[in-house]
Trainee: 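Input: one structure, supplied below.
Computed over heavy atoms, backbone and side chain alike; hydrogens, waters and symmetry mates excluded. So that the names make sense, note that chain A is the first sequence line, chain B the second, and so on, each numbered from 1.
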2 protein chains.
Amino acid sequence: MTTSLDYVNPRVRAIRVSTQSFLQNLAHQITQNMTQGGQKPLKGVIDLSSGDPHRAGMKPVSFVRQVLAVCLYPHLLQDKIFSLDVKLRAQRLLQICEGQSLGSYTASSGLHHIRQTIADFITKRDAGISANPRNVFISSGAQRALMVVVKLLSSGEGQTQTGILTPQPCPYTLPPLLDEAGVLAVPYRLMEERGWALDLNQLRQALDSARGGCNPRAIYISNPGNPTGHVQDRNSIQEVIQLATAEKLLLLVDEVYQDSVYGQNTEFLSYKKVLFEMGQEFSETVELVSFHSLSCASVAECGLRAGYMEAVNIDPDVMKVFDTMLCTDISAPTTGQLALDLMLNPPGPGDPSYDTHAQELLLTRTVLTRNAQRALEVLNDLPGFSCQPAMGGIYLYPSVKLPAGIREQAEMLELGADVFYCQKLLEEERLLLGAGQDSGEAGSHHFRLCVLVPTYVLEDALHRLSAFHLHLMGHHTVAGRNVKGKAGCSSQSGLTCVQPTTV
Amino acid sequence: MTTSLDYVNPRVRAIRVSTQSFLQNLAHQITQNMTQGGQKPLKGVIDLSSGDPHRAGMKPVSFVRQVLAVCLYPHLLQDKIFSLDVKLRAQRLLQICEGQSLGSYTASSGLHHIRQTIADFITKRDAGISANPRNVFISSGAQRALMVVVKLLSSGEGQTQTGILTPQPCPYTLPPLLDEAGVLAVPYRLMEERGWALDLNQLRQALDSARGGCNPRAIYISNPGNPTGHVQDRNSIQEVIQLATAEKLLLLVDEVYQDSVYGQNTEFLSYKKVLFEMGQEFSETVELVSFHSLSCASVAECGLRAGYMEAVNIDPDVMKVFDTMLCTDISAPTTGQLALDLMLNPPGPGDPSYDTHAQELLLTRTVLTRNAQRALEVLNDLPGFSCQPAMGGIYLYPSVKLPAGIREQAEMLELGADVFYCQKLLEEERLLLGAGQDSGEAGSHHFRLCVLVPTYVLEDALHRLSAFHLHLMGHHTVAGRNVKGKAGCSSQSGLTCVQPTTV
């Protein structure tokens with residue numbers, strides 16, 4: 001065949017397939033098998049592996065959905081069920097769409113009005129440090145915006161190949177993206193024992209050892225950390241900025257979870273704000289691109305696909321290239337773009353929708369905070385598990401010491417032991433966690449679990465995990481000496497252990 | 001600066017910026033200037049350059065919008081304004097979304113249920129030649145799906161660089177896409193004097209002359225033609241398939257306007273149908289990828305961003321790579337995916353929404369057919385203009401012989417004469433046409449105009465064009481001897497000429 005794998009673009013062929021795809025396909029298969037014949041399964045799959053709160057049952061924000069529904073079908077402007085502010089906002093948003101229809105294309109970098117909304121949001125968030133809508137580029141997700149910048153940086157091969165410093169662990173979507181762009185990931189370790197803090201020495205060492213092997217041109221940061229839940233303080237951000245200045249590195253900052261910082265005495269500081277408060281020496285020179293998304297915690301409209309980047313101190317000619325590259329997509333989906341407007345410019349006090357909106361956001365935050373605490377307790381009670389408390393984001397990222405028997409079985413199957421564990425957990429308990437392997441972990445085993453899910457779903461998931469894990473540990477000897485000597489569920493976590501159900 | 005243009009990925013730097021971007025930015029600027037101070041402009045910009053019917057005032061299909069509105073805000077299931085089939089469909093579509101929310105991610109290649117809907121649609125369209133949902137990949141637009149395949153084919157440089165045979169004229173979005181993928185466009189001329197028919201000798205000559213200079217691996221076809229409006233007959237399609245077989249070339253067929261064939265005695269035949277009717281020798285070997293989109297004529301939901309490709313005879317291992325590449329986008333927007341389902345599986349006879357739906361589609365088709373005829377008459381009445389009748393699609397693509405004075409002025413400004421003409425037309429009459437330069441035209445001047453717009457908009461646009469062009473021709477001597485000796489508006493076109501308004 002003309003297009004057999006042998007003839008496929010070598011770079012494309014080299015894109016690594018995440019174990020996430022493998023496991024999610026398996027989960028889909030299990031669900032399919034369960035529902036064949038039209039029967040509703042007694043015990044459905046719970047997927048905590050991806051940051052997809054609606055999938056697990058979190059509810060959408062009413063104001064966002066109401067305005068979008070009216071925009072899609074403007075006859076609803078006559079409907080009594082919507083409040084005045086919903087209708088007024090829908091009218092305003094329809095005005096900014098060409099032909100007053102969501103069916104029209106927009107400019108490649110997004111609707112001008114919404115770029116302005118984003119700039120206003122950033123200015124307010126950063127206590128008046130102003131943002132210019134011309135530096136804001138809307139795309140069909142933060143991931144897509146990141147791809148634009150990474151591809152733009154990509155060049156060379158061997159010693160001249162572009163490298164990007166990437167945290168270990170990193171978001172599981174990052175490695176395939178870098179593969180596709182032809183950029184080398186240069187890993188720097190985050191410090192698990194310090195709550196996954198960024199250590200400047202690790203960053204510097206990674207940079208030093210990369211030089212000569214490739215051409216490092218940027219530092220990628222995830223703050224609040226995906227999947228770690230760590231939130232950087234001002235000092236840590238300043239250190240990174242100073243390093244970027246000294247080494248002439250571009251900063252790529254994933255700030256998608258900026259709306260979900262819940263640790264005590266912890267606040268979200270944007271890189272841009274810290275940069276501008278460091279004085280002109282930095283604020284006028286350091287090149288920074290920050291990413292945000294509709295897939296964040298508060299609205300979590302992942303399926304609507306929209307995000308944006310703000311470029312700081314980027315050459316205007318280069319920003320023109322951003323626009324040219326976004327042209328390939330023609331434009332980001334209008335429903336997503338409008339949802340960005342609604343997310344960043346929500347109803348204010350006095351507006352008819354304000355109370356409900358505020359309550360919904362508060363409920364999400366409460367669920368997230370409580371769930372993170374609850375899951376932390378249960379995980380740290382399981383033998384072999386060790387989990388750092390998170391301060392933000394939507395994940396926990398525990399490590400686990402797996403029995404030698406499990407690791408050997410995995411090796412025979414040519415699977416990572418974490419992947420094998422996830423597969424067994426999925427098959428036996430219909431619970432899907434993310435394997436640390438996708439986040440660049442090697443030599444240790446971690447799991448990613450999203451805690452922004454309804455509390456009853458989390459409880460069910462923790463039950464399944466505990467049952468599976470305890471059963472497993474009963475059959476295998478745990479490797480290493482550092483494993484806590486616990487067996488069975490602790491009374492502290494308050495879980496009633498259930499026996500594993502073998503499917 | 002670290003990321004000055006000098007350090008940008010050379011391939012990215014080489015992406016050509018279409019004059020379409022330049023002209024649309026200018027149009028936006030003009031609109032901005034007009035509306036500054038909050039005044040509503042007396043004469044707004046009419047944009048016929050892009051295939052964006054809603055922008056010009058075409059109405060969305062009610063059934064599509066009603067179901068989407070209910071899916072976004074399921075409380076509307078209680079609302080009396082929606083008919084039963086709207087509610088039932090919305091319920092069914094919510095069932096297939098994870099967590100019954102459009103806010104959830106979907107599989108990278110799209111919702112399984114909707115891939116099945118697409119396969120069913122194709123099977124029905126092709127008189128029972130069956131399509132497999134596993135060969136269908138949903139993406140955020142046909143353009144994005146095409147990029148996946150083109151990037152997969154891309155490799156080599158110099159004599160080994162992948163080449164793709166592309167029609168001249170081609171869709172204006174194609175050349176930048178090939179640039180970004182690092183693939184060489186190998187142009188084959190379409191035959192203007194034969195209504196832009198595809199001529200096999202031209203294709204063969206292009207292929208022969210390309211060999212040695214690059215590695216041609218695929219033929220790109222646009223049928224019905226964008227921007228030409230030509231529709232291939234069975235014989236023409238068979239010839240292309242035979243050539244592809246003999247030369248081991250992959251067929252990439254843009255069939256986005258398959259729903260808008262209106263020429264007398266003309267029908268749309270899919271490449272797949274023709275292929276399968278040629279017998280096993282072809283149907284089991286020829287590699288074909290066909291593209292379709294929500295941005296087609298009947299629903300024209302361009303802003304919702306969804307399309308798909310169907311792969312025929314493509315190695316399953318290669319199809320896995322399609323999926324891996326679509327993973328970079330995470331998933332196509334759910335609103336667009338659901339709209340695909342509604343477009344391809346519309347209400348049937350007996351359903352409460354059927355009559356309205358059928359009327360709306362009929363109206364669109366009537367407007368398109370009449371407008372195409374009307375615009376053809378007016379264009380062919382203008383001195384220097386010559387336009388081939390279209391049989392399908394949504395564009396007309398006239399050529400015009402421009403006066404030497406215009407060409408000289410354009411040259412001084414380092415602009416193509418067609419681009420210069422479009423710029424002047426936009427500035428003076430606030431009418432935007434597409435310049436042929438973006439479609440690969442050289443040596444002649446063509447314009448692209450979308451005729452799927454409300455009839456009063458088309459009339460207004462034709463007035464503006466006639467006024468501008470006649471005024472221009474009054475001031476310049478027309479080059480060449482083949483120009484028709486017409487002056488002023490012909491009585492045949494029935495237009496009352498208006499004097500050009502200089503802004």
Trainee: Is B:N25 in contact with chain A via its backbone, its side chain, both, or neither, using a 4.5 Å heavy-atom distance?
Mentor: neither
Trainee: Residue by residue, which of residues 96-106 of chain B have a heavy atom closer than 4.5 Å to a heavy atom belonging to chain A?
Mentor: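 Expected list: B:E98, B:G99, B:S101, B:L102, B:G103, B:S104, B:Y105.
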Trainee: What pair of heavy atoms forms the shortest contact from B:L72 to A:R65, and how long is it?
Mentor: O-NH1, 2.8 Å
Trainee: How many angstroms lie between CG in A:L68 and OG1 in B:T335, if you round to the nearest 0.5 Å?
Mentor: 8.5 Å
Trainee: Among A:S50, A:A339, A:S155, A:C302, who wins on heavy-atom pairs under 4.5 Å with chain B?
Mentor: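 Among the listed options, the one with the most contacts to chain B is A:C302.
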Trainee: To the nearest 0.5 Å, tell me how far A:H28 NE2 sits from B:H112 NE2.
Mentor: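 Those atoms lie 3.5 Å apart.
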Trainee: Going from CD on A:Q66 to OH on B:Y73, what distance comes out if it is rounded to the nearest 0.5 angstrom?
Mentor: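 It is 3.5 Å, given to the nearest 0.5 Å.
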Trainee: Which answer fits B:Q24, side chain, backbone, both or neither, if we ask what part of it has an atom under 4.5 Å from a heavy atom of chain A?
Mentor: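 For B:Q24, there is no contact with chain A at all, as no heavy atom is under 4.5 Å.
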Trainee: Please classify the contact between B:A56 and chain A as side chain, backbone, both or neither, with a heavy-atom cut-off of under 4.5 Å.
Mentor: neither
Trainee: Based on non-hydrogen pairs under 4.5 Å, which of B:M147, B:Q337, B:R144, B:K151 is most in contact with chain A?
Mentor: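 Highest number of pairs under 4.5 Å: B:K151.
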Trainee: What heavy-atom pair brings B:L76 and A:A69 nearest, and what distance separates the two atoms?
Mentor: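 So the two residues come closest at CD1-CB, 4.1 Å.
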Trainee: Select, from B:S331, B:G57, B:P74, B:S62, the one with the greatest count of heavy-atom pairs under 4.5 Å involving chain A.
Mentor: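 Top option by heavy-atom pairs under 4.5 Å: B:S331.
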Trainee: Which heavy-atom pair separates A:P333 from B:L304 by the least distance, and what is that distance?
Mentor: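 Heavy atoms of A:P333 and B:L304 come nearest at CB-O, 4.0 Å.
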Trainee: For chain B, find which of A:D52, A:V12, A:L177 contributes the most heavy-atom pairs closer than 4.5 angstrom.
Mentor: A:D52
Trainee: Between A:D323 and chain B, which part of the residue has a heavy atom less than 4.5 Å away: side chain, backbone, both or neither?
Mentor: neither
Trainee: Measuring from B:R305:CZ to A:I330:CD1, what's the distance to the nearest 0.5 Å?
Mentor: 5.0 Å
Trainee: Starting at CG of A:D329, measure out to OG1 of B:T173 and round the result to the nearest 0.5 Å.
Mentor: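 One finds 12.0 Å between CG of A:D329 and OG1 of B:T173.
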Trainee: Report which part of B:M325 has an atom under 4.5 Å of a heavy atom belonging to chain A: side chain, backbone, both, or neither.
Mentor: both
Trainee: What residue, out of A:D47, A:I15, A:D79, A:V299, has the most heavy-atom pairs lying under 4.5 Å from chain B?
Mentor: A:D79
Trainee: Given the rule in the side-chain contact (heavy atoms from CB on, under 4.5 Å) test, do B:S18 and A:C327 qualify, once you have shown the distances and angles that lead to the verdict?
Mentor: CA-CA 10 Å; B:S18 68; A:C327 267; 5.9 Å; no
Trainee: Does NE2 in B:H75 sit with more than 12 non-hydrogen atoms of other residues, nucleotides or ligands closer than 6.0 Å?
Mentor: no
Trainee: So how far is it from A:E301 CD to B:T334 OG1, rounded to the nearest 0.5 Å?
Mentor: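 That separation rounds to 8.0 Å.
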Trainee: Could you work out, with ring-ring contact (aromatic ring centres under 6.0 Å, His included) as the rule, every residue matching B:F322, not counting sequence neighbours?
Mentor: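 With neighbours one apart ignored, the set is B:F137.
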Trainee: Mind ranking A:L294, A:I81, A:V17 by heavy-atom pairs under 4.5 Å with chain B and telling me who comes out on top?
Mentor: A:I81
Trainee: Chain A heavy atoms under 4.5 Å from B:A332: which part of the residue, side chain, backbone, both or neither?
Mentor: backbone
